[in-house]
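Along the sequence shown, residues are numbered consecutively beginning with 1. What you are looking at is a predicted structure, and each value in this text was computed from that prediction instead of being measured.
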Amino acid sequence: MLNVVTWNVNSIRARLDNIVWWVENSNFDVLLLQEIKCEAQHFPMDAFANYNIVIHGQKSYNGVAILSRYPLEDITEGLPTLVDETQARYIEAVVNAPQGVARVASVYVPNGGSIGSDKYIYKLRFMEHLRNHMARLLTHEEITVIGGDYNIAPTDDDVHDPAAWHEQTLCSMAERLSLQSIFHLGYYDALRIQYPEGAGPYTWWDYRSQAWLRDEGLRIDHLLLSPLAADVMKDAGVAKQERGKDKASDHAPVWCHLEKRAGLWD
């Protein structure tokens with residue numbers, strides 16, 4: 001079994017105690033991190049000495065990383081077609097696990113600011129490049145998991161108050177269509193597989209307005225699975241309890257278990 005987790009930690013150094021505790025008390029094989037908010041040389045490597053780590057960092061903002069129990073190969077930093085990109089938002093690697101090879105990526109999609117702003121236009125452009133790259137990845141016919149903070153709630157089921165969020169950033173039609181275009185390629189939403197009658201539990205709760213205490217959240221963190229990965233997914237969920245800790249990130253970890261079965265992942 002390969003256990004893959006995605007988690008926007010909202011600063012690796014500010015949340016280090018919580019993250020280290022979770023790492024030591026969970027059973028993950030691959031951890032996809034977003035918003036580490038540091039350059040690679042300032043990442044707390046010593047705290048994760050037992051893991052293979054690749055980092056695409058940036059000073060004070062953004063930043064993504066992959067931690068793995070198993071060797072990481074074929075590293076890609078940044079979306080290949082975004083040649084002018086200066087923000088650290090994507091990293092990809094091949095995990096050489098005993099049960100088989102899997103390709104994984106950690107992605108931090110831009111928030112988008114206000115509707116129609118330059119940041120919003122940049123977000124849609126980023127999503128277009130992400131879609132094009134993910135289309136190419138499908139040609140490899142591999143077990144592939146692209147996890148991260150997509151900053152998009154796919155449907156109104158993924159929002160605590162759809163009326164209040166209607167056509168707001170994270171929930172606008174243009175953003176949702178950009179995510180749906182990735183699903184249309186053939187990728188599967190791990191939490192949607194696990195919760196077919198709904199959208200699955202929320203993954204993000206604003207620090208403001210007692211959103212966590214009221215469970216007024218959004219589902220914006222996703223594990224997107226290639227068809228071969230979806231075929232071997234056993235279960236998925238959200239480690240919601242991590243959001244309730246002192247000095248917690250505003251996101252909770254999202255996980256899925258991939259299980260090698262006869263005739264699959266050979």
Side-chain angles (χ1 to χ4, degrees), residues 2-9 12 28-36 40 43 51-58 62-83 85 87-97 100-110 123 125-152 154 178-179 181-191 193 203 220-230 232-233 236 251 253-258 265:
L2 189 71
N3 303 327
V4 183
V5 182
T6 183
W7 193 3
N8 178 323
V9 293
I12 186 76
F28 80 90
D29 297 305
V30 178
L31 177 57
L32 310 172
L33 296 178
Q34 302 88 45
E35 210 172 356
I36 60 173
F43 190 92
Y51 297 89
N52 300 281
I53 304 174
V54 293
I55 302 162
H56 184 31
Q58 180 181 338
N62 308 317
V64 286
I66 302 173
L67 279 65
S68 172
R69 297 185 189 275
Y70 309 117
L72 294 169
E73 305 169 351
D74 194 18
I75 312 302
T76 300
E77 294 184 5
L79 291 172
T81 58
L82 267 178
V83 294
E85 178 64 272
Q87 300 184 26
R89 294 186 175 275
Y90 184 88
I91 191 166
E92 174 189 314
V94 170
V95 181
N96 192 0
V101 171
R103 186 177 296 272
V104 300
S106 178
V107 59
Y108 179 40
V109 174
K123 179 178 189 173
R125 176 171 171 261
F126 183 94
M127 285 295 292
E128 181 179 359
H129 283 271
L130 178 63
R131 179 198 179 277
N132 292 341
H133 182 61
M134 290 176 68
R136 284 190 290 272
L137 292 183
L138 286 180
T139 66
H140 298 316
E141 297 185 353
E142 297 173 319
I143 301 288
T144 302
V145 181
I146 312 296
D149 176 4
Y150 285 75
N151 266 315
I152 301 172
S178 71
L179 183 57
S181 72
I182 294 175
F183 295 143
H184 292 162
L185 293 172
Y187 283 90
Y188 292 80
D189 180 340
L191 285 178
I193 296 173
T203 65
I220 58 175
D221 304 87
H222 311 298
L223 289 165
L224 301 191
L225 312 181
S226 68
L228 291 178
V232 296
M233 193 192 95
H251 298 253
V254 180
W255 55 267
C256 73
H257 296 161
L258 307 180
W265 207 345

For this session: Please check if the side chain of Q87 supplies one atom and the backbone of E85 the other of a donor-acceptor pair under 3.5 Å.
Result: no
Exercise. Side chains of V64 and V107: closer than 4.5 Å at any heavy-atom pair?
Worked result: no
Problem set entry | Spacing of I143 atom CD1 and L225 atom CG [to the nearest 0.5 Å] | 9.0 Å
Seminar exercise, completed: Result for side chain to side chain contact (heavy atoms under 4.5 Å, CB included) between V95 and one of L72, I66, V4 points to L72
For this session: Verify whether one side chain among E35 and H251 offers a donor that lies under 3.5 Å from an acceptor in the other.
Result: no
Exercise. Hey, mind stepping through V145 and L2 against side chain to side chain contact (heavy atoms under 4.5 Å, CB included) and telling me if it holds?
Worked result: CA-CA 11 Å; V145 181; L2 189 71; over 6 Å; no
Exercise. S226 versus H140: any side-chain heavy-atom pair under 4.5 Å?
Worked result: no
Exercise. Side chain to side chain contact (heavy atoms under 4.5 Å, CB included) between L82 and R125: does it pass, once the steps are laid out?
Worked result: CA-CA 9 Å; L82 267 178; R125 176 171 171 261; 3.5 Å; yes
Exercise. For atom OH of Y188, is the number of surrounding heavy atoms from other residues, nucleotides or ligands below 6.0 Å larger than 12?
Worked result: no
Problem set entry | N/O donor-acceptor pair under 3.5 Å between R89 side chain and Y108 backbone | yes
Exercise. Counting only N and O atoms by type, is there a donor-acceptor contact under 3.5 Å from the side chain of E92 to the main-chain atoms of A105?
Worked result: no
Seminar exercise, completed: The side chain to side chain contact (heavy atoms under 4.5 Å, CB included) partner of N8 among I220, V254, D149 is D149
Problem set entry | Sidechain-backbone polar pair: T203 side chain, D221 backbone, donor-acceptor under 3.5 Å | yes
For this session: Please check if the side chain of D29 supplies one atom and the backbone of N3 the other of a donor-acceptor pair under 3.5 Å.
Result: yes
Exercise. How many angstroms lie between atom CG of L179 and atom OH of Y150, to the nearest 0.5 angstrom?
Worked result: 7.5 Å
For this session: Output yes when a side-chain donor or acceptor of Y187 lies under 3.5 Å from a complementary backbone atom of M134, and no otherwise.
Result: yes
Exercise. Between N151 (side chain) and V109 (backbone), is there a donor-acceptor pair under 3.5 Å?
Worked result: yes
Exercise. Once you round to the nearest 0.5 Å, how far does CG of L130 lie from OH of Y90?
Worked result: 7.0 Å
Problem set entry | Check: S106 main-chain N/O paired with H56 side-chain donor or acceptor under 3.5 Å | no
